[in-house]
Visitor: 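Got a structure for you, written out below as C-alpha cells; questions coming shortly.
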Amino acid sequence: MDGTREYEVVILGGGPAGCAAALSLRRRGITDILVVEAGVYGSIRIGESVPPQFNALLQSLGVWAEFRAERHASSFGTCSIWGSERLGFNDFLASPFGAGWHLDRVRFDAFLAREAVRRGISLVAGTRFGDADILPDGDLLLRLSDPGGASHGVVCRFAIDATGMSARFARRMGARRELVDRLLCVAARYECVASPAFPALTMLEAAELGWWYAAKLPGDRLVVGFATDPDIARREGLANFRRWEARLRETAHLFPAMAAARYAEGSVAVHPAHSFLLEPVAGDRWLAAGDAASAYDPLSSRGICKALANGIHAARAMADRLGGARAGFDAYAASVAAEFDSFLRARRHFYGLETRWPRSPFWRRRRDEPLRMRAA
Ligand SMILES: Cc1cc2nc3c(=O)[nH]c(=O)nc-3n(C[C@H](O)[C@H](O)[C@H](O)COP(=O)(O)OP(=O)(O)OC[C@H]3O[C@@H](n4cnc5c(N)ncnc54)[C@H](O)[C@@H]3O)c2cc1C
C-alpha cells in the first residue's frame with residue numbers, strides 16, 4: 001500500500017460483517033473498496049453455531065453454493081437444561097431454511113475473505129487500523145500499520161467500521177458503547193476421540209454461577225464455554241483450566257455427554273462477551289456494522305447472522321449515499337437500535353425463565369439490574 005491511495009469506501013475489519021458489506025457493495029456495482037483486516041485468518045475465533053436463517057443471508061451474498069462445498073457441520077437445533085432439571089429441545093425441523101450449522105470459524109472467516117477477493121475486492125490482511133482524521137473536505141484519512149510496524153495513510157470518502165467489539169474507528173470518531181453487561185466466556189476445545197455420539201445440537205445448561213454451552217465442530221472437535229460475570233470468574237479462578245473443569249464436572253447433562261472427549265491442551269481462553277449498543281451507529285461519513293454496532297449476549301446465537309445482515313444493510317445504505325441519498329444512514333442506524341431493543345426484551349425473557357438460584361448474583365443481576373449501563 002503506497003502513500004495515501006484513495007478509495008470510495010474502506011471497510012475496517014474483515015470478519016463476517018466486513019466481508020458481507022464488501023460482497024454486498026460489489027454486487028451493487030461498487031468496486032473501489034478496500035478491506036483492512038488486522039489478522040491473517042489463522043488464529044482461533046469464537047462463535048460457531050448459526051441458525052437456519054444464515055442460509056438465506058449467504059444466498060443473498062451470492063456465496064451459498066461455495067459455502068456448501070466447504071462442508072461445515074450441520075446443526076439440527078438446541079437442547080437445553082434451563083429453568084428446570086428437564087432436558088428441553090428446540091429443533092430446526094420446521095424451519096423453511098433447512099438446518100443450521102456448527103462452523104469452523106477460522107475456515108468460515110477465511111472463506112468469506114477469499115470469496116470477496118475472488119470477486120475483485122482489495123483486501124489487506126495483517127494490517128491494523130490505528131487512527132483517523134477528518135480532512136478539511138470531509139474525506140477520512142485512515143492510519144494503518146502492517147505487521148512490521150510500518151504505517152501508511154489511506155484516504156477514503158466513507159468508512160464502514162466492522163472491527164468487532166472494539167469498534168475502534170467509531171470510538172475514535174467519538175462514539176460510545178452503551179454497555180448492558182460485561183459478560184465473559186471461558187471456553188476450551190476438546191477432541192471427540194471416537195465419540196460421534198455427541199449430538200449435532202447446540203447444548204445449553206444453566207448453572208448457579210452462569211451457563212454452559214457446547215457445540216460439536218467439523219473434524220470431531222468440540223467447543224465448550226462457560227458464560228459468567230467477571231467478578232465471579234475471578235473469585236472462582238475460572239481462567240484456570242482445572243478450576244473451570246471442576247465446575248464443568250458438576251453439570252448434569254453436558255459433562256456426561258462428553259465422555260470420550262479429550263481436552264486440547266492450552267486451549268482454555270477468556271473471551272469478552274459483553275452486550276452493548278454503539279451510540280451513535282452512524283456518523284456523517286461512516287457506519288458501524290456487526291459487533292462494532294451492537295453486540296448480543298452469545299445466548300442468542302445471533303451474532304454471526306446479525307453481522308452478515310448488518311453488512312448487507314450497511315452496504316445498501318452506503319450505495320444510496322454514494323448515489324447522493326442521505327436518508328439510508330439514519331434508517332440503518334434506527335434499525336440497528338430497534339433490533340437491539342428487541343434483543344434486550346428477548347434476553348430479559350430468557351434469563352427470567354431460570355429461577356432455580358434466587359440468591360445467585362449472576363441470575364439476580366439479570367433480573368434486577370437496570371437494562372442499560374453507560375460505558376466507562
Ligand atoms: C463466547 C462467544 C460465543 C459466541 N457464540 C456465537 C454463536 O454460537 N453464534 C453466533 O452467531 N455468534 C456467536 N458469537 C458472536 C459472534 O462471534 C460475533 O457476533 C461475530 O463474530 C461478529 O462478527 P463481526 O464481523 O461483527 O466481528 P468479528 O468477528 O469480531 O470480526 C472483526 C474483525 O475485525 C478485525 N479487526 C479488529 N480490530 C481491527 C483493526 N484495528 N484494524 C483492522 N481489523 C481489525 C478482527 O481481526 C476481525 O477479523 C459468540 C461470541 C462470543 C464472545
Side-chain angles (χ1 to χ4, degrees), residues 9-22 34-47 105-106 108-109 112-113 123-134 140-147 149 151-152 154 156 158-187 227 230 269-283 285-298 300 302-304 306-308 310-311 314 333 336-337 340 343 372-376:
V9 183
V10 172
I11 298 169
L12 299 163
C19 287
L34 174 69
V35 180
V36 176
E37 166 54 39
V40 290
Y41 300 106
S43 49
I44 297 293
R45 293 182 171 212
I46 194 89
R105 262 308 285 281
V106 175
F108 175 67
D109 286 14
L112 279 183
L123 184 150
V124 284
T127 302
R128 180 170 289 278
F129 160 75
D131 211 342
D133 277 321
I134 302 173
L140 301 166
L141 171 62
L142 309 175
R143 295 206 181 77
L144 313 178
S145 55
D146 65 25
S151 45
H152 311 266
V154 168
C156 59
F158 295 98
I160 296 179
D161 185 344
T163 56
M165 282 192 191
S166 71
R168 172 91 187 189
F169 171 86
R171 290 167 80 198
R172 284 286 185 275
M173 292 287 116
R176 295 162 57 86
R177 296 178 304 178
E178 292 194 341
L179 285 166
V180 171
D181 67 25
R182 295 180 187 276
L183 190 77
L184 56 75
C185 184
V186 187
V270 180
H271 304 271
H274 316 328
S275 297
F276 67 81
L277 175 66
L278 189 73
E279 180 55 43
V281 166
R285 294 285 195 106
W286 60 270
L287 294 169
D291 276 6
S294 63
Y296 293 1
D297 188 314
S300 72
R302 280 173 58 195
I304 296 169
K306 177 176 68 65
L308 298 174
N310 275 182
V336 171
F340 189 74
F343 149 71
R372 293 188 188 197
M373 306 178 321
R374 278 230 152 238

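Each residue takes its place number in the sequence, starting with 1. A quick note: this is a predicted structure, and the numbers were derived from the prediction, not measured.
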Visitor: Going by side chain to side chain contact (heavy atoms under 4.5 Å, CB included), name the residues that satisfy it together with Ala38, two or more places apart in sequence or in a different chain.
Guide: Arg128
Visitor: What pairs with Phe276 under ring pair (Phe, Tyr, Trp, His ring centres under 6.0 Å), at least two apart in sequence or on another chain?
Guide: none
Visitor: Between Asp133 and Leu141 (side chain of the first, backbone of the second, donor and acceptor by atom type, cut-off under 3.5 Å), is there such a pair?
Guide: no
Visitor: Shortest non-hydrogen contact from Pro147 to Gly126?
Guide: CD-O, 2.7 Å
Visitor: Search all heavy atoms of Ser145 against all heavy atoms of Gly149 and return the closest pair with its distance.
Guide: CB-O, 4.4 Å
Visitor: Of all heavy-atom pairs between Asn310 and Ala293, which one has the smallest distance, and what is that distance?
Guide: OD1-CB, 4.2 Å
Visitor: Shortest non-hydrogen contact from His271 to Ala187?
Guide: CD2-CB, 4.1 Å
Visitor: May I ask you to test the Val180-Leu277 pair for a side-chain heavy-atom distance under 4.5 Å?
Guide: no
Visitor: Where do Ala21 and Ile160 come nearest, in terms of heavy atoms and distance?
Guide: CB-CD1, 4.0 Å
Visitor: Measure the spacing between CG of Leu278 and CD of Glu178 and express it to the nearest 0.5 Å.
Guide: 9.0 Å
Visitor: Spell out, as yes or no, whether a donor-acceptor pair under 3.5 Å connects the side chain of Ser300 to the backbone of Pro298.
Guide: no
Visitor: With rounding to the nearest 0.5 angstrom, report the CD to SG distance, Glu37 to Cys19.
Guide: 7.5 Å
Visitor: Give me the atom names and distance for the closest heavy-atom approach of Pro16 to Leu308.
Guide: O-CD2, 3.6 Å
Visitor: What residues, two or more places apart in sequence or in another chain, satisfy side chain to side chain contact (heavy atoms under 4.5 Å, CB included) together with Arg168?
Guide: Phe129, Thr163, Ser166, Arg172
Visitor: Working to the nearest 0.5 angstrom, can you tell me the gap between Cys185 SG and Ile46 CD1?
Guide: 5.5 Å
Visitor: So, using side chain to side chain contact (heavy atoms under 4.5 Å, CB included) as the criterion, who are the partners of Ile134 when residues are at least two apart?
Guide: Leu140, Met173
Visitor: Taking ring pair (Phe, Tyr, Trp, His ring centres under 6.0 Å) as the test, write out the residues that go with Phe343, two or more places apart.
Guide: Tyr296, Phe340
Visitor: Only one of Ile11, Leu142, Leu12 forms a side chain to side chain contact (heavy atoms under 4.5 Å, CB included) with Val36, so which one is it?
Guide: Leu12
Visitor: Between Arg105 (side chain only) and Gly47 (backbone N and O only), is there a donor and an acceptor less than 3.5 Å apart?
Guide: yes
Visitor: Can you check whether Met165's main-chain N or O pairs, donor with acceptor, with Asp291's side chain at less than 3.5 Å?
Guide: no
Visitor: Sequence neighbours left out, what passes side chain to side chain contact (heavy atoms under 4.5 Å, CB included) with Val270? Give chain and number order.
Guide: Leu184, Val186, Ala239
